[in-house]
Protein chains: 2
Amino acid sequence: MATVGRLAGVSQVTVSRALSDPSKVSPATMRRIRDAIDITGFVPNAVAGALASRRSKLISALVPSLTNTVYASMMQSFSDLMRDNGYELLLSECGFQAETEEKLIAAHLSRRPDAFYLTGIHHTTRARQMLIGADIPVVEVWDLTDTPIDICVGFDHREVGRAMADFAADAGYRHAATVGAGDARALRRRDAFADRFAARGGTCAGDVTFQDSASVAHGREGLSRLIDEHGFSSGVIACSSDLMAEGILIEAQKRRLSVPDQIGVLGFGDQDFAAHLEPALSTVRVDRPALGTTAAQAVLKRLHGSNPEHSRVDIGFQLIRRGSA
Amino acid sequence: MATVGRLAGVSQVTVSRALSDPSKVSPATMRRIRDAIDITGFVPNAVAGALASRRSKLISALVPSLTNTVYASMMQSFSDLMRDNGYELLLSECGFQAETEEKLIAAHLSRRPDAFYLTGIHHTTRARQMLIGADIPVVEVWDLTDTPIDICVGFDHREVGRAMADFAADAGYRHAATVGAGDARALRRRDAFADRFAARGGTCAGDVTFQDSASVAHGREGLSRLIDEHGFSSGVIACSSDLMAEGILIEAQKRRLSVPDQIGVLGFGDQDFAAHLEPALSTVRVDRPALGTTAAQAVLKRLHGSNPEHSRVDIGFQLIRRGSA
DNA sequence: GTGAAAGCGCTAACAC
DNA sequence: GTGTTAGCGCTTTCAC
């Protein structure tokens with residue numbers, strides 16, 4: 001920067017100003033600085049800038065899985081808006097264990113991000129302390145709590161489970177089963193589903209829970225186990241993910257079980273493919289782009305000064321009736 | 001850090017040493033420093049560390065799409081290995097346009113990453129210059145070239161197209177069509193497929209190319225348009241993605257076209273679901289975790305000193321014969 | 001094994 | 001509109 005300044009016949013600070021706010025520098029100077037930058041191939045050092053200004057223009061983001069489209073699509077819209085505002089993402093995959101997350105939070109915090117994006121609301125006590133101590137905007141997405149660290153944007157997973165049960169009961173199903181993943185949020189949806197379905201007079205005939213991530217393979221295996229091990233023969237199956245639901249649809253077709261008459265299938269997520277399966281998948285839609293955008297807006301508002309009050313945004317969800325149940 | 005030192009009765013440098021290399025500090029001092037850190041809740045400032053040491057322990061990564069599992073799964077294994085070695089990821093979505101990528105490269109470079117991960121080999125001239133000028137390890141994945149910026153790890157997309165054509169011809173198909181995305185790599189596979197299939201005496205009856213990302217919906221629409229607009233009635237369809245192939249499978253089932261007899265379907269990617277569709281999808285497998293890991297190993301080798309020679313690793317691919325063709 | 005001094009390349013505050 | 005002076009919080013180098 002000093003070199004650029006020398007070439008342009010100004011001091012180093014003027015170059016700094018030219019780069020951060022061109023209006024603070026005369027047009028003629030600006031031109032000479034531009035030329036000098038082109039000649040030298042100067043690339044500003046944001047590390048030094050961050051140290052001096054105490055603003056890194058970096059957002060830390062922790063997602064359970066990089067390959068899960070559900071988390072990725074929230075991130076995508078979140079990061080788009082943040083990038084438009086000059087922020088870049090420091091991203092890590094944190095899995096589903098709070099201890100792993102805690103370590104990553106510490107590592108990220110040492111890089112002095114300007115804000116933090118977390119998936120979910122379950123964190124270790126120390127993680128919460130560190131985050132609060134960092135005194136930066138923190139947004140927790142994909143779940144809701146009355147005691148967010150700072151901001152949370154999500155929806156009520158129990159409410160989803162209940163809505164799925166009501167939907168199934170209203171559709172006339174009297175028997176149900178559940179197939180899903182073992183993470184905290186999926187379990188809450190599952191349990192709420194089972195409770196409500198029973199309350200509506202139905203019977204829950206079985207459950208298959210997988211510890212690893214959702215997949216079509218698990219869906220197929222889930223239906224097989226429901227039939228072979230739990231004697232499930234007809235009714236509705238509520239899944240924790242559209243992928244599982246798709247697997248069930250495929251396995252049902254293979255076994256010549258008619259959907260939605262003999263077997264009803266309810267997905268979760270309304271992923272791209274859900275509407276295009278045969279039969280099309282009835283599922284729960286959460287507006288993930290809106291969720292990511294809302295989270296980004298809330299963070300930006302905090303970053304641009306203003307309102308220090310905690311916030312909690314319920315983005316809601318929507319049951320989509322299609323052919324599978 | 002100075003505060004921690006005062007509390008522990010040592011100087012600031014000693015704290016720095018204790019944190020970066022405990023063996024350089026006496027056990028007793030170490031203990032007192034540890035205690036002081038616990039008491040103060042000190043979180044080291046990696047920004048200052050990066051500025052002073054000129055090593056950021058940050059890797060820049062650019063992927064075309066965050067929601068595409070194919071790119072995400074390479075990233076995942078790459079980032080796992082990098083994280084194990086103390087590096088974090090600065091990640092951005094760069095789309096499929098080289099100009100967008102160039103801007104992002106400039107932005108990332110200003111943060112002084114220790115290495116760069118790029119998807120693909122097509123970059124603007126200025127992007128190449130900046131990257132070379134940065135004098136850090138650069139790995140280009142998912143494609144191959146004889147003139148990598150530094151390291152490239154991938155496979156030959158034309159070779160994939162040819163292998164798919166040979167596979168189709170060997171399976172006895174005489175007519176073919178292609179359905180795919182419009183990015184450079186997909187187009188190269190498609191063109192190589194068409195050329196080779198024709199060379200094998202087959203006829204290519206039509207092509208549907210979508211400009212946006214692959215999806216099941218596009219697959220269904222692709223088959224519909226092949227039939228309605230191109231008069232396609234039987235033969236093999238080579239897709240640029242398993243997702244498209246799945247859409248074709250579904251549309252074919254809906255239209256009661258038998259697979260693989262009347263219509264053969266060839267996917268690309270061997271994504272999780274491919275083996276679990278009905279019929280199971282014949283497709284091209286690329287070992288993405290191995291690709292990511294290989295890329296990470298190459299970068300780490302460069303980072304830990306040693307061999308400055310350019311490298312090019314062909315990770316290969318594999319045609320998987322399943323039921324769909 | 002520990003300390004003192006000198007930066008890393010910027011921005012902030014204040015002059016002019 | 002531009003320059004000067006002081007840091008930001010570490011690591012590096014060189015003493016001891």
Side-chain angles (χ1 to χ4, degrees), chain A residues 1-34 36-37 40-58 86 88 106-114 133-136, chain B residues 1-34 36-37 40-58 86 88 106-114 133-136:
Chain A
M1 211 174 230
T3 315
V4 171
R6 215 168 301 129
L7 240 166
V10 293
S11 76
Q12 174 264 4
V13 237
T14 305
V15 179
S16 169
R17 272 196 278 258
L19 259 31
S20 62
D21 185 359
S23 74
K24 286 186 157 188
V25 148
S26 81
T29 311
M30 193 65 211
R31 256 194 55 81
R32 297 202 316 278
I33 292 178
R34 283 240 162 285
I37 288 176
T40 53
F42 168 73
V43 179
N45 185 328
V47 178
L51 181 62
S53 69
R54 296 140 161 289
R55 276 176 285 104
S56 62
K57 285 278 177 178
L58 223 57
E88 293 295 340
H108 278 222
L109 243 24
S110 76
R111 298 188 185 272
R112 298 297 187 266
D114 288 344
D135 195 34
I136 52 176
Chain B
M1 210 173 230
T3 315
V4 170
R6 214 167 302 129
L7 239 166
V10 294
S11 75
Q12 174 266 122
V13 240
T14 306
V15 180
S16 170
R17 273 195 278 256
L19 260 30
S20 61
D21 185 358
S23 75
K24 288 186 154 186
V25 147
S26 83
T29 311
M30 193 65 209
R31 255 196 55 80
R32 297 202 317 277
I33 290 177
R34 283 240 162 286
I37 287 175
T40 53
F42 168 72
V43 179
N45 185 329
V47 178
L51 180 61
S53 67
R54 299 141 160 288
R55 275 177 287 103
S56 62
K57 283 281 179 176
L58 222 56
E88 293 295 340
H108 277 221
L109 243 25
S110 76
R111 298 189 182 273
R112 298 297 187 266
D114 288 343
D135 194 36
I136 52 175

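Numbers restart at 1 for each chain; the letters A, B, ... are given by sequence-line order, proteins then strands. Quick note: numbers below take in every heavy atom, side chains included, and nothing from hydrogens, waters or symmetry partners.
- B/Val15 and B/Ile33 get closest at one heavy-atom pair: CA-CD1, 4.0 Å.
- Counting heavy atoms from C-beta on, the side chains of A/Leu19 and A/Ile37 come closer than 4.5 Å.
- Within the 4.0 angstrom heavy-atom criterion, no nucleotide atom of any strand lies near B/Arg112.
- An OP1 or OP2 oxygen of C/dA12 is reached within less than 4.0 angstrom by a side-chain nitrogen or oxygen of A/Arg55.
- Between D/dT11, C/dT11, D/dC10, one nucleotide has an atom nearer to the side chain of A/Ala52 than all others, and that is C/dT11.
- Whole-Å rounding puts the A/Arg6 CZ to C/dG9 P distance at 13 Å.
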Could you pull out the protein-nucleic contacts involving nucleotides 3-5 of chain D (nitrogen or oxygen on both sides, under 3.5 Å)?
{"from": "D/dG3", "atom 1": "OP2", "to": "A/Ser11", "atom 2": "N", "distance (Å)": "2.8"}
{"from": "D/dG3", "atom 1": "OP2", "to": "A/Ser11", "atom 2": "OG", "distance (Å)": "3.0"}
{"from": "D/dG3", "atom 1": "OP2", "to": "A/Thr14", "atom 2": "OG1", "distance (Å)": "2.5"}
{"from": "D/dG3", "atom 1": "N7", "to": "A/Arg17", "atom 2": "NH2", "distance (Å)": "2.5"}
{"from": "D/dG3", "atom 1": "O6", "to": "A/Arg17", "atom 2": "NH1", "distance (Å)": "3.1"}
{"from": "D/dG3", "atom 1": "O6", "to": "A/Arg17", "atom 2": "NH2", "distance (Å)": "3.4"}

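- Going from atom CE of A/Met1 over to atom P of D/dT2 covers 15 Å, rounded to whole Å.
- We find that CG of A/Asp21 is positioned 16 Å from C1' of C/dA13, with the value rounded to whole Å.
- Nearest heavy-atom pair across A/Ala50 and B/Val47 is CB-CG1, 3.9 Å.
- Applying the side-chain hydrogen bond (donor to acceptor under 3.5 Å, both in side chains) test to every pair with at least one member in residues 48-57 of chain B, sequence neighbours left out, gives these pairs: B/Ser56-B/Asp114.
- For A/Asn45, there are no side-chain hydrogen bond (donor to acceptor under 3.5 Å, both in side chains) partners at least two apart in sequence or on another chain.
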Could you go through residues 1-9 of chain A and list every donor-acceptor pair under 3.5 Å that involves a side-chain atom there, pairing it with any protein atom two or more places apart or in another chain?
none

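- To the nearest 0.5 Å, the span separating CE on B/Met30 from OG on B/Ser23 amounts to 10.0 Å.
- The salt bridge (charged side-chain N to carboxylate O under 4.0 Å, His left out) analysis of residues 9-28 of chain B, with sequence neighbours excluded, yields no pairs.
- Residues from residues 23-31 of chain A placing a heavy atom under 4.0 Å of any atom in DNA chain C do not occur.
- One can place CZ of A/Arg54 at 11 Å from C1' of C/dT11, the figure rounded to the nearest angstrom.
- Side-chain contact check for A/Ile136 versus A/Arg112: every heavy-atom pair is 4.5 Å or farther apart.
- Regarding A/Asn45, its CG atom lies at a distance of 9 Å from the P atom of C/dT11, rounded to whole Å.
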